[in-house]
Structure formats: structure tokens, C-alpha cells
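If you're wondering where the values come from, they're calculated on a predicted model, not measured in any experiment. Sequence lines set the chain letters: A, B, ... in the order given, protein chains first and strands last, and positions in each chain run from 1.
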Protein chains: 2
Amino acid sequence: MIIVSSKDVAKLAGCSQSTVSRVLNRPETVHPDKREKVLQAIEALQYKPNIAARSLVAKRTNTIALISGTLRNDYFAESTDRIVEYASKHGYRTMVYFESEGSLGDILAQIKSYKVDGILISCMKLDDPHYEAFAASGIPCIWFNRRHRRGGHYVSMDNVLAAKMLTRHLLDLGHRRIAYLSGPLDISTLYERWTGFEAVMREASVPVRESYVHILEPNDQAVQKLTWKLMHQPEPPTAIVCGNDELAIASMDALLSMGLRIPADVSIAGFDDIRMSGHQAIQLTSVGQHRFDMGEVAAEHLMMLIEAKDGQEQPSIQFLCKPELFVRRSTGVARTEKN
Amino acid sequence: MIIVSSKDVAKLAGCSQSTVSRVLNRPETVHPDKREKVLQAIEALQYKPNIAARSLVAKRTNTIALISGTLRNDYFAESTDRIVEYASKHGYRTMVYFESEGSLGDILAQIKSYKVDGILISCMKLDDPHYEAFAASGIPCIWFNRRHRRGGHYVSMDNVLAAKMLTRHLLDLGHRRIAYLSGPLDISTLYERWTGFEAVMREASVPVRESYVHILEPNDQAVQKLTWKLMHQPEPPTAIVCGNDELAIASMDALLSMGLRIPADVSIAGFDDIRMSGHQAIQLTSVGQHRFDMGEVAAEHLMMLIEAKDGQEQPSIQFLCKPELFVRRSTGVARTEKN
DNA sequence: CTGAAAGCGCTTACAG
DNA sequence: CTGAAAGCGCTTACAG
């Protein structure tokens with residue numbers, strides 16, 4: 001592939017390389033006639049400035065890194081979509097990394113090599129030891145969705161409150177045998193949700209039975225298996241709270257396969273209010289935020305951090321937005337006890 | 001942010017910059033003792049080579065561009081996930097672009113600036129005028145999912161056949177009043193599916209009524225509105241074929257809102273066999289490919305093209321894989337005529 | 001308003 | 001096995 005450089009443009013336009021560069025960066029500083037000639041040469045040669053060379057000297061790449069949970073979880077698909085679009089609209093490219101690609105340490109090493117201007121992370125564990133490395137990298141970072149215990153800049157939801165709202169909703173419907181299905185609790189969102197659930201259950205003096213609680217790896221097989229196990233005990237739960245909608249929808253799949261009716265036989269609910277939860281065939285009760293995309297808000301503030309970088313001191317960014325409960329058909333009055 | 005360069009490493013290790021570079025690129029060519037010292041210095045300084053500088057001289061970036069349809073369509077979420085992971089595993093970074101970000105011309109301009117090693121495109125229109133520019137860019141390109149009329153390297157499904165299989169399935173169930181809901185027909189997949197549908201209907205001498213066919217912009221509102229319109233005519237269809245599962249699931253949402261039962265009142269089916277289609281609450285009949293991810297196959301071959309680049313002539317990559325029909329509960333015997 | 005020159009951080013012949 | 005030097009394509013003071 002032949003690379004057209006600014007030197008080639010300069011030759012054709014009959015000027016110096018510096019002038020070509022100026023036309024690109026501060027066109028008002030070059031004489032209109034000359035500018036026109038350069039523009040024509042650029043067009044004629046289909047010249048595109050080499051970003052690598054530019055960022056080498058400019059010390060900025062106009063690129064941000066997004067480290068996201070898997071797109072198989074709709075929550076991350078939605079936020080990734082929004083972030084990439086938002087960044088693009090504001091002149092930034094997004095390099096997307098998924099947690100499945102390797103340890104955060106390896107990913108950070110790569111990111112550092114690319115000299116991105118900023119980092120968005122939605123999938124760091126609550127006590128992930130790599131936190132320090134990110135914080136010390138000198139690259140502006142914002143955590144969204146999942147937080148780290150140390151704090152830092154973050155945009156998240158009040159997940160404790162969210163879980164309390166959801167749990168009270170189920171108690172209000174008369175449920176007492178409530179099960180809890182969750183992914184690993186070393187993740188802030190899942191941990192906080194569990195905490196909120198437990199707190200309300202304790203307040204209400206409703207015991208949380210051990211056989212009703214399952215912490216699992218979030219894949220369809222595990223959900224299938226544990227849902228089955230949950231419902232095949234002597235006294236099965238009348239309601240299931242899932243750590244997020246993705247899990248809830250998978251569990252719902254299992255419940256329906258078993259011939260159970262929702263909510264007649266068992267109620268189910270989740271968190272995040274992903275798009276599918278509102279579908280008529282799903283109608284999953286969920287708690288999330290309406291009209292507030294954490295990813296986009298995080299991107300917006302990341303750009304502020306990047307641009308204010310050399311200026312005055314950095315503001316501290318800590319958003320904990322209020323959740324909303326969306327009651328749908330998947331939760332109903334507790335089935336009359338009759339086991 | 002302080003940038004540690006290979007010069008700093010050289011100073012600490014007491015050697016030249018070239019040696020540092022050699023340790024990184026061809027460690028076997030430097031004396032073990034010296035190599036060890038350099039490695040220690042790299043570790044001590046937390047040195048990460050600057051990718052921009054490297055690609056400037058190496059004339060390759062180990063980066064591919066993926067231009068994808070929106071992640072709001074699960075098909076694209078699934079393929080993006082796979083591609084990024086596959087590329088990562090093989091030493092390539094992926095820059096993700098979405099068609100919504102601007103014209104393909106603008107996106108190509110950006111991509112050229114980044115000097116990516118290869119391009120994967122899943123969202124080009126059948127007669128998109130930018131095709132030439134991509135083909136002439138000198139950058140290896142593979143089209144997957146949607147094809148361009150000119151061909152080029154592509155990985156796709158036999159969509160005509162897919163539509164024929166699906167249509168015959170509905171005819172076999174006794175349906176004669178079959179509606180067709182599709183996104184724009186300037187997209188190969190949608191165009192070919194429509195073609196296959198029409199061909200089978202003609203063969204079977206079943207007229208395709210004009211009021212049963214709607215071409216729409218694929219957003220929830222449009223689907224909602226047209227589904228409503230479809231079912232509120234004097235003789236509503238007994239089955240609806242949708243151009244893809246995303247549309248079908250949205251239309252299903254509308255049907256259920258209207259109080260219709262699937263498939264008792266109306267059957268519905270789609271294409272792509274996305275993950276959600278298999279969910280017990282959805283059970284959408286669909287035609288797609290099992291165990292064959294076009295995105296991943298495309299990525300695999302793109303890397304072959306990139307690596308064979310300077311070698312012998314390029315092979316022509318043209319995959320048209322066979323579809324499979326997944327019959328689920330959303331299609332059933334045609335309702336007894338009684339309008 | 002414009003050009004020559006230095007330099008960003010790297011790799012790769014070229015000598016030795 | 002190793003270092004000095006040239007060069008990748010750009011931007012940005014510095015003179016004029």
C-alpha cells in the first residue's frame with residue numbers, strides 16, 4: 001500500500017510540509033490562495049494525515065479505552081453502543097476491551113502502549129488489586145456501573161437502595177419464601193444488591209434460608225441447573241430475586257421449561273431494566289434507572305477530565321443515581337401456601 | 001503524564017536504545033547478560049513501548065477496524081463480541097465503528113488515517129457507492145453478513161434459500177395470508193430474503209397482497225405502528241415473516257400488546273436465530289446458522305489476507321453458508337378462516 | 001504569512 | 001553481539 005504523506009502534498013502544491021500541516025491544523029494562519037492550492041493537492045492525492053505520527057508529537061491520541069463486561073449481557077451492549085457513539089460525536093475513537101480478553105493488568109499494559117487519553121471501566125471487581133495501577137497510570141479513569149472499594153471517579157446506581165425497593169415490593173405482595181440468585185459477590189453491584197436484600201429481610205424478620213441462596217457463574221447452564229434445584233426442594237420459594245436482568249431472563253427460561261407459570265407459581269425480578277425486560281413476552285419486574293445512561297454520563301465526564309487535564313485541579317466525580325422500580329407482570333401476589 | 005521511553009531504559013541499563021529495541025523484538029540476538037539487564041530496567045521503569053511510534057516505522061498497526069450494525073440488534077452484539085475476542089487472541093486490536101456514526105465515506109477516511117491492517121464490514125448496502133473506495137484503499141477488506149453487489153471477499157448466508165425454507169414452512173402449515181415486514185431492501189440480506197419469499201409464493205400461486213407488505217425503518221415505533229395496521233385490516237394475515245429476528249421480536253411485542261395469541265391468532269417468524277429467539281417466553285421460529293459465526297470466520301480470513309499480503313496472490317474468499325430452519329412455537333397451523 | 005529545523009519514540013540496515 | 005545514524009510522518013517553535 002502506497003502511503004501518501006504531507007511531503008507529497010507539499011510537492012504537488014508547491015509549498016513546504018509545514019504549510020500543509022498548518023492548513024490542516026490552523027487554516028486561518030495561511031494565505032487563502034495557498035490554502036486553496038494545498039486543499040486541492042490533498043483532494044487530488046486523497047491524502048489522509050497519519051494519526052500515529054500525529055499523536056507521537058501531539059502527545060494525545062483522541063482515543064479512549066472502554067473496558068466492558070461481555071456484550072452477551074444486554075446491559076453492556078447498550079452502554080457500549082452509547083459510549084462509542086457519544087465519543088465519536090465528540091471527536092474521540094473508542095478502543096473496546098472485554099473483561100474476557102485477559103486480566104485487567106494485561107489490558108492496562110496494552111492501553112498504556114496505546115497512550116489513550118482516558119479510560120472507562122465498567123467491570124472492575126470491588127477489591128481488584130489492579131485498581132492502584134490504573135489510578136497511578138496518570139491516565140484519567142472513570143469507573144461506571146461497578147465500583148471499586150477505593151472509590152475514585154465513578155458513576156453508579158444506588159444498588160443497596162435498589163435492592164431494598166425490590167425486596168419490599170415482594171414482601172408487600174406477601175412473599176416470605178424468597179430466593180436469591182446472583183453472580184459472584186466480589187462485584188460491587190451484585191454485592192450491594194445482596195446487602196440491600198438481606199437488610200430488608202432482616203428488618204422484616206423474614207429468615208433467608210440457605211437453600212434459597214445461590215451464587216453462581218453467570219452462564220445459561222449454571223442458571224438452568226440452579227433454578228431447577230431451587231424449585232425442586234420440599235418447600236420451593238414463591239419468589240426469586242436475581243442479581244441482574246440477564247440472569248433473571250435466563251432463570252425465567254428455566255422456570256418456563258419446567259412448566260411453571262410466572263407469576264402464578266413463582267414471581268421473579270431483576271436489576272438494570274434492560275430493554276428486553278419491557279417486552280410483552282417477558283414483562284420482568286426490574287429496578288434500574290430511566291433515561292439515565294451511566295455509560296454515557298461517564299463518557300461525558302471523562303472528556304471533561306481529559307480536557308481540563310493541565311488546567312486547575314481535577315473535580316471529583318462521584319455519581320450515585322437513584323433507582324426506579326418498574327413493576328411488571330413477572331411479580332404477583334404470593335401463591336397461597338399449600339406445600 | 002510522564003512518558004518513559006526506550007532511551008530512559010537504555011540509560012538505566014547502560015546500553016544503547018537499539019539494544020533495548022532488540023530485546024523487545026528479537027531477544028535472541030542480544031547477549032543474555034545484557035538482555036537480563038534491559039529486562040530489569042524495563043520492569044523497574046514500567047516501560048511500555050509506544051505503539052504509535054512503533055507502527056510509524058513498522059508500517060503496520062496490528063489493528064483491524066470493524067464496521068458494524070448497531071448493537072441494539074443482538075445479531076451484531078453477538079458478532080462484535082466474537083470478533084473482538086478472536087482478534088485479541090491473535091494479537092490484533094479492534095476499532096469498532098457503527099454505521100450510525102456517519103457515512104461509510106467518513107468512516108473510511110478515519111480508518112485510513114489510523115492505517116489499520118484490515119477491515120471487517122457487516123453493514124454495507126447492496127449498491128453502496130463507497131464500495132470502490134474500500135476496494136481501492138489497498139487495505140484488505142472482508143464483507144460479512146451483508147454483501148455488496150460487486151462481491152469482493154465475503155462471508156454470508158444463502159439468504160434466498162433461507163427465505164424459501166421459511167416460506168415453505170408457513171405454506172405447509174396452511175398459511176395463505178402471509179404478511180412480510182422488513183427493513184430497507186437496499187441491504188443484501190433483506191433483499192435476498194424478500195426475493196426468496198416472493199419466489200416461493202409465486203411458485204405456490206399464492207398472491208402477495210400489497211397491504212401485507214411493509215418496508216420500514218427498523219425502530220420499535222415503526223414496527224409497533226405497522227404491526228397494528230397489519231392486523232387491523234378487514235382480512236388480517238395469519239402469519240408474518242419478518243426480515244430478521246430483531247424485527248420479529250419487536251413485532252411480537254406489538255402483537256401481544258394487542259391481545260393476540262401467538263400462534264393461535266397469528267404465526268410469526270424471522271431470520272438470524274439470535275440467542276433470544278430460543279428463549280421459552282419467545283420461542284421464535286427462525287432460520288439461521290448453527291455453530292457458524294460469520295463474524296469470526298470473517299476475522300479468521302481477514303488475518304490470513306493480512307499476513308499473506310506481500311506473498312503470493314490473494315485467494316478469493318467467498319463463503320455462502322447453508323441456513324438451518326429452527327421451528328419453534330411461534331409458528332403453528334393456520335387459523336381456520338372465519339373473517 | 002512561510003520555510004528550515006528539531007524532535008516525538010521507535011526500528012532497522014550498516015559498520016564494526 | 002552492539003552502537004551510531006537514518007528515517008517513519010507529523011507538529012511546532014523559531015527566524016525571517
Side-chain angles (χ1 to χ4, degrees), chain A residues 1-39 41-42 45-63 109-110 112-117 138 310, chain B residues 1-39 41-42 45-63 109-110 112-117 138 310:
Chain A
M1 169 169 58
I2 302 117
I3 294 186
V4 178
S5 79
S6 58
K7 220 186 276 179
D8 302 318
V9 174
K11 201 180 294 172
L12 182 61
C15 68
S16 75
Q17 197 190 20
S18 333
T19 300
V20 174
S21 182
R22 281 196 198 95
V23 169
L24 254 34
N25 297 303
R26 279 169 296 124
E28 69 284 1
T29 68
V30 10
H31 191 87
D33 293 359
K34 205 146 218 158
R35 196 196 305 156
E36 195 47 43
K37 258 191 191 154
V38 171
L39 254 14
I42 286 178
L45 297 175
Q46 283 287 306
Y47 166 69
K48 306 278 179 263
N50 184 319
I51 296 284
R54 177 178 284 177
S55 29
L56 193 56
V57 17
K59 303 247 173 264
R60 77 178 270 173
T61 52
N62 284 297
T63 300
Q110 265 207 54
K112 278 179 159 173
S113 266
Y114 275 100
K115 313 291 178 210
V116 300
D117 297 334
D310 300 319
Chain B
M1 168 169 59
I2 302 117
I3 294 186
V4 177
S5 78
S6 57
K7 220 186 274 179
D8 301 319
V9 175
K11 202 180 292 170
L12 183 61
C15 68
S16 75
Q17 195 190 21
S18 334
T19 299
V20 175
S21 183
R22 281 195 200 93
V23 170
L24 254 33
N25 298 302
R26 281 170 292 125
E28 69 284 1
T29 67
V30 10
H31 192 86
D33 293 359
K34 205 146 218 159
R35 196 196 306 157
E36 196 46 44
K37 258 191 192 153
V38 170
L39 255 15
I42 286 178
L45 297 175
Q46 283 287 304
Y47 166 69
K48 307 278 179 261
N50 183 320
I51 296 283
R54 176 179 282 177
S55 29
L56 193 57
V57 16
K59 303 249 174 262
R60 77 177 273 172
T61 52
N62 285 298
T63 301
Q110 266 208 53
K112 278 179 157 173
S113 267
Y114 273 101
K115 314 291 178 211
V116 300
D117 296 336
D310 302 318

>> Heavy atoms from C-beta onward define the side chain here; which of D:dC8, C:dT2, C:dC8 lies closest to that of B:Leu56?
In response: D:dC8
> Side chain of B:Arg26: nearest nucleotide among C:dT12, C:dT2, C:dG9?
Replying inline: C:dT12
> If you measure from OG on B:Ser18 to CG on B:Asn25, what distance do you get to the nearest 0.5 Å?
Replying inline: 11.5 Å
> Where the side chain of B:Asn50 is defined as all heavy atoms beyond and including C-beta, which of D:dC8, C:dC10, D:dC10 is the nearest nucleotide?
Replying inline: C:dC10
> Going by heavy atoms in the side chains, are B:Tyr47 and B:Leu12 under 4.5 Å from each other?
Replying inline: no
>> What's the closest nucleotide to the side chain of B:Gln17 if the choices are C:dC10, D:dG9, C:dA4?
In response: C:dC10
> Looking at the side chain of B:Ser5, which of C:dT2, D:dG3, C:dC10 is the nearest nucleotide?
Replying inline: C:dC10
>> Quick check: closest heavy atoms across B:Gln17 and B:Ala10, and the distance to 0.1 Å?
In response: N-CB, 3.7 Å
> How many angstroms lie between atom NE2 of B:His31 and atom SG of B:Cys15, to the nearest 0.5 angstrom?
Replying inline: 13.0 Å
> Within the structure shown, what part of the strands sits under 4.0 Å from A:Ser21 by heavy-atom distance: base, sugar-phosphate, or nothing?
Replying inline: base
>> If you only use heavy atoms from C-beta on, which nucleotide in D:dT2, D:dG7, D:dG9 is closest to the side chain of A:Val57?
In response: D:dG9
> Where the side chain of B:Arg22 is defined as all heavy atoms beyond and including C-beta, which of D:dT2, C:dT2, C:dT11 is the nearest nucleotide?
Replying inline: D:dT2
>> So A:Ser18, base contact, sugar-phosphate only, or nothing? Heavy-atom distance under 4.0 Å.
In response: base
